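Presented below is the structure to which this report refers.
Here is how names work: the chains are called A, B, and so on, in the same order as the sequence lines, proteins then strands, and each is numbered from 1. Please read these numbers as outputs of a predicted model, since none were measured by experiment.
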Protein chains: 2
Amino acid sequence: MPGTPANSYVVQPVEKALGVLAYVVECGQVVSLKSVSQALGIPKTTAFRYLQTLTRAGFLEHHTDRDRYSVGPRLRAMARTDSSITRARELAHPVLVALTQEYQCTVNLAVKGDGSVVYLDVIDSLQGFRTKARSGDANPLHSTALGKAILAHMPQPEARDYLSRPLMERTGRTLIERAELERQLRQIAQSGYAIETGENEDGAMCVGAPILDDQGYPLVAISIAVPLARMSTSHAMVAGRKISEMAARISRSLGSGPSMPTVPAAVAAGGVSQRTAPAG
Amino acid sequence: MPGTPANSYVVQPVEKALGVLAYVVECGQVVSLKSVSQALGIPKTTAFRYLQTLTRAGFLEHHTDRDRYSVGPRLRAMARTDSSITRARELAHPVLVALTQEYQCTVNLAVKGDGSVVYLDVIDSLQGFRTKARSGDANPLHSTALGKAILAHMPQPEARDYLSRPLMERTGRTLIERAELERQLRQIAQSGYAIETGENEDGAMCVGAPILDDQGYPLVAISIAVPLARMSTSHAMVAGRKISEMAARISRSLGSGPSMPTVPAAVAAGGVSQRTAPAG
DNA sequence: ACCGCGGTTTCATGTTGCGAAATCGGGGCG
DNA sequence: CGCCCCGATTTCGCAACATGAAACCGCGGT
């Protein structure tokens, strides 16, 4: 059965299941096993298994009453995450450019990605200082201004989980003691910006602030990176306030309820914040 | 290695690949093969194949420069489709209720789904007439007011494709002759509403109109269903104009450019319309 | 009570997904 | 200038596992 030359490294079950997923979505999301099987020309047993698998993974939802499938919560969540990030990048871009010009330094926009920040946009100043990080690189959460800004605005359980893991020591200044780090995070949650003094890369100081999505979750963060020697703490604080304000403006554009300026998560010693109420 | 009892009908490659997909999205969409492999604990060969498959299917995008993966156009398209339909349903609901009350009859909201309309919402009047269709059911495009309204506003190539297939004869009145049907579709495209006189179910007359998404594509349609005997053609035309107007208002809320009231597709004998210019 | 249609379960089969290891490629450092 | 190392591809043989025909079940209609 030569048929398709199977040119490449395509895993057939995956490919077909994705076809099923796409079909369900395109079909306006109320689909029976039979129609999937017929429309895509795959035996119903197989279609059944794919629907089952997709449902279990939360990509589809199974309405047992009429035995129909529709798009599931996981897919919706993914869509929202993606569009939030995309919008945040778009909104942030002019801000990043402005920051580069003002401080003559590298500015970063990064997303949170399991235990790390991943740089999406890195804009270098023409003449100024440059850091090692390039778009696509990843760094620990606890050793960067970006990451600390995110950590400080994260729901408590998630932050706690991260902090309970061993923290990599990137430079001699990296904060690896949990109590110390948590103290700083609380302060960041209050002030709305994070300062990092060579904790990730020797000689580089960063000042960053989080951008919150419509649920108040710190999806991305922006920062400036300057030579450690060039900026005093008080200057950094001024910059921090400014950056924090810019980030907050973007958060507001993303729909992060007008009720929360910049103090959602870890503020107040043991304050607990939930991204989504456990209401289900 | 008992581990998971694999209780059920889950296809492992699919499950794992969905995990990879979710990871890429959650990670803020700039991910290397290695991080996927490490984070999910699957050998890199396998991760590679999944990424490859997901990319080929358009669910991911592969940035060859830095060898990173991010969310692909297909996933974005799915997300938009879903959210459009969801919004359309929400916006349409009060309209449906109003129509039920006004006409004392069943009203429908259906989506287009490969060669058929699938009923999403069916609201019955308390006392009045009821049709067979229930939420989740499907009917042919050419035999229902809903379907004809959609067909008439569909991009020409897609409509042509459908019409070139054999058309099922649901009742004695079903239009199965292509020329005749096309003539009617052109008229529907102009007037903005479709009338069906017992062509899908004996004794039931329907009047329907399409709701266009932000691309001008007829994603869903709404209709009322009354006993064939109860409504004259002239009454139906009045109702049609009203329904068409309501549908157009919803289309506008969905962002269907303010430049097109109700006449996008098949209008004017051979007019051609493209959903998306073939530029891609 | 019968019939038929869709969904679920079973089961034997061989296709095909898997992952260790070898290969390639490129960027950084000496 | 060339070596080295890391990460992405490719190869390849094995048996795990996806597959789909067929049997089974439950329901809704007649």
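Distance Glu15(B) CD to dA18(D) P: 10 Å, rounded to the nearest Å. In this structure, the CG atom of Asp65(B) is 14 Å from the C1' atom of dG26(C), given to the nearest Å. Between the CG atom of Leu51(A) and the C1' atom of dA18(D) there is a distance of 16 Å, given to the nearest Å. Rounded to whole Å, the distance from OH on Tyr9(B) to P on dT8(C) is 9 Å. If you take CZ of Arg68(A) and P of dG7(C), they are 7 Å apart, rounded to a whole angstrom. Distance, Lys34(A) NZ to dG6(C) C1': 8 Å, rounded to whole Å. Remark: P of dC24(C) and CG of Asp67(B) are 18 Å apart, rounded to the nearest angstrom. Regarding Tyr69(A), its OH atom lies at a distance of 15 Å from the P atom of dG6(C), rounded to whole Å.
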Any N/O pairs under 3.5 Å between the protein and nucleotides 14-16 of chain C? List them or say none.
none

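The aromatic rings of Tyr162(B) and His142(B) lie tilted to each other, with the angle between the two planes from 30° to 60°.
Side-chain atoms of Arg56(B) never come within 3.5 Å of backbone atoms of Val10(A) as a donor-acceptor pair (strictly under, hydrogens ignored). Judged by distance alone, the side chain of Ser116(A) and the main-chain N or O of Lys112(A) form no donor-acceptor pair under 3.5 Å. Between the side chain of Thr171(A) and the backbone N or O of Gly198(A), at least one donor-acceptor pair lies under 3.5 Å.
With salt bridges taken as basic N to acidic carboxylate O contacts below 4.0 Å, none links Asp202(B) and Arg173(B). A salt bridge links Lys148(A) to Glu199(A): at least one charged side-chain nitrogen sits closer than 4.0 Å to a carboxylate oxygen. Using a 4.0 Å cut-off between a side-chain N of Lys or Arg and a carboxylate O of Asp or Glu, Arg68(A) and Glu61(A) do not qualify as a salt bridge.
Residue Lys16(A) places at least one side-chain N or O under 4.0 Å from the OP1 or OP2 atom of dT19(D). Within the 4.0 Å cut-off from OP1 or OP2 of dC18(C), at least one side-chain nitrogen or oxygen of Tyr50(B) is found.
Between Thr46(B) and Gln52(A), the residue whose closest nucleotide on DNA chain C is further toward the 5' end is Gln52(A).
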Self-check item: Contact pattern, 5' to 3', of nucleotides 21-30 of chain D - B, S or - by protein heavy atom under 4.0 Å
Solution: BB--------
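Gln52(B) contributes atom CD, which lies 9.5 Å from atom CG of Leu33(B) (distance to the nearest 0.5 angstrom).
The side chain to side chain donor-acceptor pair (under 3.5 Å) analysis of residues 32-51 of chain B, with sequence neighbours excluded, yields the pairs Ser32(B)-Ser35(B).
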